[in-house]
Peer 1: 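Here it is, the structure, as structure tokens.
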4 protein chains.
Amino acid sequence: MPPQRKSPDATRRSQPTRAAILTAALELAGEVGYARLSIEGIAARAGAGKQTIYRWWPSKGAVLFDALLALSDDGSADDATADLPNTGDLAADLKMVLRATVDELTDPRLSDPMRALTVEVLADPELAQTWRTRLDEPMRAMKTRRLRAAQEAGDLAPDVDLAVAADLVWGPLQNKWLFGPEPLTHAYADAVVDTALAGLAQASRRRSDT
Amino acid sequence: MPPQRKSPDATRRSQPTRAAILTAALELAGEVGYARLSIEGIAARAGAGKQTIYRWWPSKGAVLFDALLALSDDGSADDATADLPNTGDLAADLKMVLRATVDELTDPRLSDPMRALTVEVLADPELAQTWRTRLDEPMRAMKTRRLRAAQEAGDLAPDVDLAVAADLVWGPLQNKWLFGPEPLTHAYADAVVDTALAGLAQASRRRSDT
Amino acid sequence: MPPQRKSPDATRRSQPTRAAILTAALELAGEVGYARLSIEGIAARAGAGKQTIYRWWPSKGAVLFDALLALSDDGSADDATADLPNTGDLAADLKMVLRATVDELTDPRLSDPMRALTVEVLADPELAQTWRTRLDEPMRAMKTRRLRAAQEAGDLAPDVDLAVAADLVWGPLQNKWLFGPEPLTHAYADAVVDTALAGLAQASRRRSDT
Amino acid sequence: MPPQRKSPDATRRSQPTRAAILTAALELAGEVGYARLSIEGIAARAGAGKQTIYRWWPSKGAVLFDALLALSDDGSADDATADLPNTGDLAADLKMVLRATVDELTDPRLSDPMRALTVEVLADPELAQTWRTRLDEPMRAMKTRRLRAAQEAGDLAPDVDLAVAADLVWGPLQNKWLFGPEPLTHAYADAVVDTALAGLAQASRRRSDT
DNA sequence: ATTTAAACGAGACGGTACGTCACGTCTTCTG
DNA sequence: CAGAAGACGTGACGTACCGTCTCGTTTAAAT
């Protein structure tokens, strides 16, 4: 396969500049909020030329995306192979994970740029694609792995679709974070896990009834 | 109480112009997508002056919001007092409602401007407030009423938090619509309802275990 | 004739802004010289938006052109109908006019922007056309009128082409101004007039010889 | 004297590259016109690095200058010692020279880059200095030599300032080339020579009158 | 023939200005 | 006086070049 015709030479890329841009993007996303964030502003804050940003990122959202990725990967192990905890107690494990998510989404340093990124993802299909392959799908795989383990251990009903199960557990949190007026709490995370596991229906009318 | 000093006199408002603006907003939101929608574009398409828009709406999102409201209210009864169907079969009722939602969110004529509005809501806290009081809260109330009826009828476990229950049922749909790559389906709606009602856990380890 | 489709409505044009732009252009042309003059700079200095400049002028040179025109028309009579002096003494009249030109081209306030405009005229064919019809041709007509009067009065040889004659008198000055290292002087103006009138050749070998 | 610290070593200069740059400059000046000519464009067209241009030339205009010089010096004798023709017939000689100039300035291959250079000369005082010492002054000297010979031969009036005389003959041509709408012609060259030699005034009122 | 220092191509970088688009405010004219 | 029309100051967009600055890679003079 021949190399891309006009792609920039990544080996010559200035790492200090890249870091400055990502930092600036993150800071500004938090400071001025989801909307007034501008490439011009990022470049100015980073002490970089606009062209340098356009050279390496296709859109404002892509910068933010990389900025958030860099924040997560910061010294930690590779996320691609990471796994959710499995202590044998599914409910406890899920609560732990969801509580950690709540903590992240409650910290404005992380939540504000994350929210900005989410807006960009909704508005930019190309960025959405990137977001799916590089963030969402790995996360879904990780969740599914844990749930499958639970299913094999007999903690999960064998006829449950794991994708739907994951949606049931993580969907409400995501929604409340995006649209809810009040902040996320550990209590809410716990309630979602308990309710999802137990189901809404009366014990006497379950599964077999449907 | 005397009228506000600066608020425009709504009695003089031109209804044809208002309709033209809302229609133009809807059309453009679908045509150019959630991003390139502009007030100038709406005004031009509607044959209206920009000032007319600024006089009556505080933001681009507010126009879109009204446009979608107008679309829903179109001749129908007042949504505030509407109720979800209650045939006595909770699962069937929920599936019906969710399938209807899927149909709406699958039709590009409705889905595209709705998506645009969602982006605006996420980016504009003021609009978010309006959206919550005028759309989300009434809807949540409606959902809660139906669920409470089910609880009272013994179809729902008595210890279930109705708010959490509603999140469990409607959250996954909303999420998949916003972020999922593939379109919503009736099958997915059904799966969500069934799984939420039955719960994820094995029958032998339910509720009492928590 | 129908009006231009998209031409701006000149009646709504802001005269204070127009004046500020022309003044700023003139000042900057003098200050930063023929080259570093930018539309952005003019707009900033004038406290105007760039779009306002682009709305009314097709190019940077056109702004400068108008600025210089405005400077000349400043309260004076209409140039279109003006005439060169005619006291009956052609040599004296020409010297007076050329000396006045020398004075203008020696004053940096006028000379610097004029030089900038000249550069633009050379580089922009469209501007060159405007410059010809609105400045050069009226001037040439004015010069030709005076020379024709001289010819009719018997001061100019009857077989002299008036266009060539005008070139002979005004061309050297223009050239020396543009390219010469030393500044223009009254003495040079006088020498050009005298030499052009008398001719280069020895008296004994004139006209009839050619 | 030790060599300059930072001056490049001319002996190592790549002649093929130099030629490619000059050719590219010439071509582009003709193709994209006096304005859109850029150093980046020249480098790209020449297959050279930008730094190579900046190493050897102080400005875009200097490149163009060298390019035109190289075009003229192409195998011919040294211009510095060249002389205008002197057949004894001043008028005929001048016409011959001016007609040759007209031919050059009419050929777009030469005229277009020359025009571009002229614009640069007007805008860049440093380049103007180079242009004067290396092109204009030698040319003026050449012209003056021929005119002085004529004066000594009695073909030119003894009181004529030779610098002014040269301006009178060559100035109009230069001007018409730069600013005139219609192209230069041999007829115009002839007319200028004849008129300059004979003078504008009636024979009966010449020289002695001033 | 080998070394070695430069010139070279390539192109990333911080900048400046370009010309365009949309913002939200304003003013003027029309129905 | 609401509404159309649209000029205005503002600010961001994405692009083109500027001139400087590394990077390896030739390449030609000095070993």
Side-chain angles (χ1 to χ4, degrees), chain A residues 6 8-14 16-18 20 36-44 46-56 58-60, chain B residues 8-14 16-18 20-21 36-44 46-56 58-60, chain C residues 6 8-14 16-18 20 36-44 46-56 58-60, chain D residues 8-14 16-18 20-21 36-44 46-56 58-60:
Chain A
K6 253 290 180 105
D9 182 352
T11 68
R12 291 173 175 259
R13 187 165 185 177
S14 161
T17 293
R18 177 172 189 271
R36 244 188 310 266
L37 180 63
S38 71
I39 290 196
E40 206 131 80
I42 296 172
K50 281 200 293 175
Q51 199 59 53
T52 301
I53 297 183
Y54 284 108
R55 184 161 24 237
W56 300 110
S59 70
K60 179 171 60 178
Chain B
D9 181 353
T11 66
R12 292 182 165 251
R13 187 165 185 179
S14 160
T17 292
R18 178 172 188 273
I21 288 170
R36 249 192 307 267
L37 181 63
S38 71
I39 289 196
E40 295 218 331
I42 296 172
K50 284 200 295 176
Q51 199 54 50
T52 304
I53 298 183
Y54 283 108
R55 190 166 10 244
W56 299 109
S59 71
K60 178 171 62 178
Chain C
K6 253 288 179 105
D9 182 351
T11 67
R12 290 174 176 256
R13 186 166 186 176
S14 161
T17 293
R18 178 173 189 270
R36 244 188 310 267
L37 180 63
S38 72
I39 289 196
E40 207 133 70
I42 296 173
K50 281 201 294 176
Q51 199 59 54
T52 302
I53 297 184
Y54 283 108
R55 190 169 9 246
W56 300 110
S59 70
K60 178 171 61 178
Chain D
D9 180 353
T11 68
R12 288 176 169 256
R13 185 166 187 181
S14 161
T17 291
R18 178 172 188 270
I21 289 170
R36 249 191 307 265
L37 181 63
S38 71
I39 289 197
E40 295 219 331
I42 296 173
K50 284 201 295 175
Q51 198 55 48
T52 303
I53 297 184
Y54 283 108
R55 190 170 7 245
W56 300 109
S59 71
K60 178 172 62 176

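A, B, ... follow the sequence lines: proteins, then strands. Residue 1 opens every chain.
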Peer 1: What's the closest nucleotide to the side chain of B:K60 if the choices are E:dC23, E:dA22, F:dG3?
Peer 2: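 The answer is E:dC23.
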Peer 1: Take atom CZ in B:R36; do more than 12 heavy atoms of anything else shown fall under 6.0 Å from it?
Peer 2: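 No - once you tally the heavy atoms of other residues, nucleotides and ligands closer than 6.0 Å, there are 12 at most.
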Peer 1: Quick one: closest heavy-atom pair of B:G41 and B:S38, and the distance?
Peer 2: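 So the minimum-distance heavy-atom pair works out to N-OG, 2.9 Å.
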Peer 1: Let's see if you can work this out: which of E:dC8, F:dC21, F:dA29 has an atom nearest to the side-chain heavy atoms of D:Q51?
Peer 2: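 Shortest atom-to-atom distance from the side chain points to F:dC21.
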Peer 1: With sugar-phosphate meaning primed atoms plus P, OP1 and OP2, does A:T17 contact a base, only sugar-phosphate, or nothing at under 4.0 Å between heavy atoms?
Peer 2: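 Sugar-phosphate: the residue A:T17, judged by heavy atoms under 4.0 Å, touches backbone atoms but no base.
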Peer 1: Please report, rounded to the nearest Å, how far the P atom of F:dG3 is from the CD1 atom of B:I21.
Peer 2: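 The answer, rounded to whole Å, is 8 Å.
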Peer 1: If you pin D:L37 and B:S14 to their nearest nucleotides in DNA chain F, which one's is more 5'?
Peer 2: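 Comparing both residues, the 5'-ward one is B:S14.
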Peer 1: Take atom CD1 of C:I53 and atom C1' of E:dC18, then tell me their distance rounded to the nearest Å.
Peer 2: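 Result: 13 Å.
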Peer 1: Could a donor-acceptor pair under 3.5 angstrom be found where the side chain of D:K50 meets the base of F:dG19?
Peer 2: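 Check passes, donor-acceptor contact within cut-off.
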Peer 1: Indicate, yes or no, whether a donor-acceptor pair under 3.5 Å links the base of E:dC18 to the side chain of C:E40.
Peer 2: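 Answer no: no donor N or O sits under 3.5 Å from an acceptor.
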Peer 1: For the side chain of B:Y54, counting heavy atoms from C-beta on, which of E:dT25, F:dT15, E:dG14 is nearest?
Peer 2: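 Closest of the options to the side chain of B:Y54: E:dT25.
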Peer 1: To the nearest Å, give me how far apart CD1 (D:I39) and P (F:dC17) are.
Peer 2: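 Computing the D:I39:CD1 to F:dC17:P distance gives 12 Å.
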Peer 1: Is the number of heavy atoms from other residues, nucleotides or ligands under 6.0 Å of A:R55 CZ greater than 12?
Peer 2: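 Yes.
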Peer 1: From F:dA2, E:dG19, F:dA29, pick the nucleotide closest to the side chain of D:R12?
Peer 2: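 Comparing F:dA2, E:dG19, F:dA29 against the side chain of D:R12, the answer is F:dA29.
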Peer 1: Rounded to whole angstrom units, what separation is found between the CZ atom of C:R36 and the P atom of F:dC17?
Peer 2: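 So the two atoms are 20 Å apart, to the nearest Å.
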Peer 1: Using the closest heavy atom to pick a nucleotide of DNA chain E for each, name whichever of B:P58 or D:T52 lands nearer the 5' end.
Peer 2: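 Closest to the 5' end, via its nearest nucleotide, is D:T52.
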Peer 1: Mapping A:G49 and D:A48 onto DNA chain E by nearest heavy atom, which one lands closer to the 5' end?
Peer 2: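 Nearest-nucleotide comparison on DNA chain E picks D:A48.
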Peer 1: Taking only the side-chain nitrogens and oxygens of A:W56, find out if one of them lies under 4.0 Å from OP1 or OP2 of E:dC13.
Peer 2: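 Looking at the OP1 and OP2 atoms of E:dC13, one of them is under 4.0 Å from a side-chain N or O of A:W56.
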Peer 1: So A:G47, base contact, sugar-phosphate only, or nothing? Heavy-atom distance under 4.0 Å.
Peer 2: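 Sugar-phosphate, no base atom in range.
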Peer 1: Of the nucleotides F:dC13, E:dG14, F:dC8, which one has an atom closest to the side chain of A:S38?
Peer 2: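 Output: F:dC13.
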Peer 1: Looking at A:W56, I'd like to know if the NZ or CZ of A:R18 sits under 6.0 Å from its six-membered ring centre while staying within 45 degrees of the ring's axis.
Peer 2: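 Cation-pi check for A:R18 and A:W56: fails.
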Peer 1: Between atom CZ in A:R55 and atom P in F:dG14, what is the gap in whole Å?
Peer 2: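 Those two atoms, CZ and P, are 16 Å apart.
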Peer 1: Can a donor-acceptor pair be found, under 3.5 Å and without considering hydrogens, that links the side chain of C:K60 to the backbone of C:L37?
Peer 2: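 Side chain of C:K60 to backbone of C:L37, a donor-acceptor pair under 3.5 Å: yes, one is there.
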Peer 1: Tell me: CD1 of C:I42 to P of E:dT16, nearest whole Å?
Peer 2: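 From C:I42 CD1 to E:dT16 P: 18 Å.
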Peer 1: Classify the nucleic acid contact of B:R13 as base, sugar-phosphate or nothing, counting any heavy atom under 4.0 Å across all strands shown.
Peer 2: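 Sugar-phosphate contact only.
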